[in-house]
Q: 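One structure coming up, written as structure tokens, with questions to follow.
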Amino acid sequence: MNLLEVLRNRFQSVLENKVEDPGRYIAMVLPAQNAQFGDYQANCAMPLSKVLGKPPREVAADLIAEVDVSDLCEPPEIAGPGFINLKLKTDLLEQEFAKVFTSERLGVEPVASPEKIVIDYSSPNVAKPMHVGHLRSTVIGDALYKILSFLGHDLTSDNHIGDWGTQFGMILYGYRNFVDQEAYKKEPVAELSRLYRLVNKLSEYHTTVEMLPGLEWKLGEAEQAVNDAEAQFEQDDKQGKKQLKKLRSDLESIRQSVTKAESLVAEIEEDEIYGPLAAAHPNIHTDARLETSKLHGGDAENRKLWDEFLPACLDVMNVIYNRLHIKFDYSLGESFYQPQLADVVEELKSKGLAEESQKAMCVFLPDFKAPFIVQKQDGAFTYATTDLATIRYRVETLKATSILYVVDARQGEHFQMLFGTARRWGYENLNMQHVSFGTVMGQDGKPFKTRSGDTVGLGELLDEAISRAFSIVVANDESKPNGPELDEAERKQIAEIVGLGGIKYADLHHNRESDYIFDWDKMLSMTGDTATYMQYAYARVCGIFRKADVERDAIRQREDVSIQLTHEAERALGLQLLRFSEALSATAQELKPNLLTNYLFETANAFSTFYDRCPVAKENDEAVRISRLKLCDVTARTLKQGLNLLGIETSERM
RNA sequence: GCACCCAUAGCUCAAUUGGAUAGAGCAUCGGUCUUCGGAACCGAAGGUUGUAGGUUCGAAUCCUACUGGGUGUACCA
């Protein structure tokens, strides 16, 4: 049973007769902010006071009189301006706990109307090595997949791999001109990735050289503007001051771009290897694009190379996914939709949605100045086209009623336009949602650069996490009171669980919408609000059963002993465990895994307090002992289930 | 230029979407300590929620202006 829902239902039946729109008032029945106010609170009396024309405390008193919660709660109390504080009866908690105790699903009921949800996450680009940004999408997406599935929805995960874009042209060009066959044979993907970076660098060089005069001219203009403004500033007011400041900051940013451009150009030209290469390939930028359009146009040679490169790239990606224990139902990359793109554009044209503008085929949407380009001047399709084809496929073939995109916030505008176009195209009943997340920043507070290629590789990241976890596992094992308990293989396995859990948790426990600073030490820290803390709590519960030599199954048979939540810490833990379903609903509602991590942290916390205050195995009174063992059992199952839904594993020993 | 986002304790982040005294973790200081697993527990200190107004019973949250930062912005994905 979802306690919050039950309470809301009780309020609903009364509120329905009082106001037109009970919904918003019902939503004001909430978990208590502070334990001193009870377990739940209803905050609707204050806003209702206006509608009903009565003082809020009087409204609250009426509500209390009419809402029948006597079977659930102690008599409600009115506090402050009109808050209604609700404290659940302990014997209700005990009854409910008994139900959760015997429930496989820990009291979580499947949703009434399941949806068919396609969730799109990870979506790396085959040419570039995966980095922490992909990790964030992957980890959040996988957690949402698991949570929504557990709640009873029908989920399909789809890894929309970037395997058909401009970057492939660069690889093709690189392979044609610069490949080191030895290296390619040894480690094909590493070599391809080198080629990509090389071509990218050289073409960046040429575009920069082209841009530089324009930039320098702009710099001169900006300097002039600042000088003029300074001359005239003297008698000017705030307005002028502000303008000057603006001009100066413009100047500064242009100056920076010029410096950056100059140093890039100098770097290449002075380099013994890059310099001659750049000189020998003046048209690399357009030629690489040409390779892309040859591939798209069905060129046999390029297609053959593509067929050769792609499996190798996928293998490398799959190594990472396997290590993270993440699987996809589908991995339909951009190339999969390639044959459908022309048709999509035709359809858009025939429906009058797409029109030609500046030789490109565009969809113009009311709220946007920029067009949504579905076909470029040169006839090539864009990722907008692919994304539209993908929507059509997901709806018509996969039967999706809902599509979730776990993608970087920087693509927000793209998705708004995509959804806008899709709705006009005929998918107005489809629920499309951009599950946006913030940028992963470096220690300097600036976004991780992906182009320069000097980001932390995901493989190394996992290695580092696991090796740090290993030394902690060893240290802990060796300091156990009765000597070490784990052999080498167990230590390694636990280190992996702890290390990977640490990495995933670091991503999940932030509100996904905010940027966050990537920090090795925090990510892999083993204390505080971390996966380890909860994994450790789990291992301690298991330790109780093991040391006391009690089978958890045996405890489940003890129907003769009822649960008792007499001690303050027992009651707090019991109530917390009953809220699992509430936490999952909130997580699914907001698509925010951090709501679940918060819940689990609070649960582990409540357990640690209980564990400190209430003896379990040492307790002499058998009824109390069994009751506490039951609490321990549900704690263990809740932590394990909750962590698993986040893609984090547990171990009975650590 | 236009659009969107952000600013919360020394640091990293929360805040159930407008609720009561803004909470955690880290770091700091103090206590528990012959441990049912101390990777623990309890406590203290730390805040004019960027600034100034406004809306109302009530604002970190909504509105306006300002300051400082970020992102996107016609053919990369």
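Both backbone and side-chain heavy atoms feed into the values below; hydrogens, waters and symmetry mates do not. So you know, we letter chains A, B, ... as the sequences are listed, proteins then strands, and number each from 1.
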Q: Encode nucleotides 2-15 of chain B as B, S and - characters from 5' to 3', where the letter depends on protein heavy atoms closer than 4.0 Å: B to the base, S only to sugar-phosphate, - to neither.
A: ---------SSSSS
Q: Working to the nearest 0.5 Å, report the span between CG of A:Leu348 and SG of A:Cys362.
A: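 One gets 11.5 Å once the value is rounded to the nearest 0.5 Å.
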Q: State whether the side chain of A:Glu570 and the backbone N or O of A:His567 hold a donor-acceptor pair below 3.5 Å, judged by distance alone.
A: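 The answer is yes, because a donor-acceptor pair under 3.5 Å joins these two groups.
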Q: I want to verify a distance call: between B:C26, B:G72, B:C41, whose nearest atom is closest to the A:Arg410 side chain?
A: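 Output: B:G72.
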Q: For A:Tyr599, is there any backbone N or O sitting under 3.5 Å from a side-chain donor or acceptor partner on A:Gln576?
A: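 Looks like yes, one N/O pair under 3.5 Å.
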Q: Write down the distance separating the C1' atoms in B:G18 and B:U55, rounded off to the nearest Å.
A: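 Those two atoms are separated by 12 Å.
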Q: For A:Lys504, is there an ion pair with A:Glu649 - N to carboxylate O distance below 4.0 angstrom?
A: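 Answer for the salt bridge query: no.
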Q: A:Thr532 has a side chain; which of B:A74, B:C41, B:A39 sits nearest to it?
A: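 Nearest listed nucleotide: B:A39.
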Q: Please tell me which of the listed nucleotides, B:A39, B:G25, B:C42, lies nearest to the side chain of A:Met654?
A: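 Nearest to the side chain of A:Met654 among the choices is B:A39.
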Q: Are A:Ser193 and A:Arg197 close enough, and set up right, to give a side-chain hydrogen bond (donor to acceptor under 3.5 Å, both in side chains), and what steps lead you there?
A: CA-CA 6 Å; A:Ser193 164; A:Arg197 286 200 302 269; 3.1 Å; yes
Q: Give one of base, sugar-phosphate or nothing for A:Gly543, where a contact means two heavy atoms less than 4.0 Å apart.
A: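 Base contact.
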Q: Report the distance from atom CE of A:Met534 to atom C1' of B:A40, rounded to the nearest whole Å.
A: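 After rounding, the reported distance stands at 14 Å.
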Q: Map A:Gln36 and A:Arg540 onto RNA chain B by nearest heavy atom, then report which one ends up closer to the 5' terminus.
A: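 Mapping each residue to its closest nucleotide by heavy atoms, the 5'-most match is A:Gln36.
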Q: What does A:Leu30 touch in the nucleic acid at a heavy-atom separation under 4.0 angstrom: a base, only the sugar-phosphate, or nothing?
A: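 Here A:Leu30 touches the backbone only, sparing every base.
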Q: On a whole-Å scale, what distance lies between the C1' atoms belonging to B:A24 and B:U8?
A: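 The answer is 13 Å between these two C1' atoms.
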Q: With a 4.0 Å cutoff (strictly under), does any side-chain N or O of A:Asn482 reach OP1 or OP2 of B:G37?
A: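 So the side-chain polar atoms of A:Asn482 never come under 4.0 Å of the phosphate oxygens OP1 or OP2 of B:G37.
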Q: Check nucleotides 55-57 of chain B for protein N or O atoms closer than 3.5 Å to its own N or O atoms and list the pairs.
A:
from	atom 1	to	atom 2	distance (Å)
B:U56	O3'	A:Lys50	NZ	3.3
B:C57	OP1	A:Lys50	NZ	3.2

Q: Can A:Tyr533 be called stacked on B:A39 when the rule is centres closer than 5.5 Å and an angle between planes below 30°?
A: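 Stacking between A:Tyr533 and B:A39: absent.
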Q: Counting side-chain heavy atoms from C-beta on, which of B:G72, B:G37, B:A39 comes nearest to A:Arg546?
A: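 So the nucleotide nearest the side chain must be B:G37.
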Q: Measuring from the side chain of A:Arg289 (C-beta onward, heavy atoms only), which nucleotide among B:C36, B:A20, B:C76 has the closest atom?
A: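 Output: B:C76.
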Q: In whole angstroms, how far is the C1' atom of B:A24 from the CD atom of A:Glu602?
A: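 Whole-Å distance recorded here is 9 Å.
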Q: From the list B:C36, B:G19, B:C76, which nucleotide is the closest neighbour of the side chain of A:Tyr611?
A: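 Given the options B:C36, B:G19, B:C76, the side chain of A:Tyr611 is closest to B:C36.
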Q: Across the strands shown, which category fits A:Cys632 at heavy-atom distances under 4.0 angstrom: base, sugar-phosphate, nothing?
A: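 Since no nucleic acid heavy atom lies under 4.0 Å of A:Cys632, the category is nothing.
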Q: Take A:Asp529 and A:Phe83, find for each the nucleotide of RNA chain B with the closest heavy atom, and name the residue whose nucleotide sits nearer the 5' end.
A: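 Closest to the 5' end, via its nearest nucleotide, is A:Phe83.
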Q: Let me check I have this right: for RNA chain B, each base becomes ., (, ), [, ] or |, based on Watson-Crick or G-U pairs with both distances under 3.5 Å. What is the full string?
A: (((((.(..((((.....[...)))).(((((.......))))).....(((((..]....)))))).)))))....
Q: Against the six-membered ring of A:Phe610, is A:Arg540 placed for a cation-pi contact (under 6.0 Å from the centre, within 45° of the normal)?
A: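 Not satisfied by the 6.0 Å and 45° rule.
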Q: Base, sugar-phosphate alone, or nothing: which one does A:Arg57 contact when heavy atoms must sit under 4.0 Å apart?
A: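 Nothing: the residue A:Arg57, judged by heavy atoms under 4.0 Å, touches no strand.
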Q: By the 4.0 Å heavy-atom rule, please label A:Pro615 as base, sugar-phosphate, or nothing.
A: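 The answer is base, as A:Pro615 lies within the cut-off (heavy atoms under 4.0 Å) of a base atom.
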Q: Answer yes or no: is there an ion pair linking A:Arg468 with A:Asp521, defined by an N-O contact shorter than 4.0 Å?
A: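 Answer for the salt bridge query: yes.
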Q: Considering only atom C1', compute the distance from B:A44 to B:U48 and round it to an integer number of Å.
A: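 Between the two C1' atoms, the distance is 23 Å.
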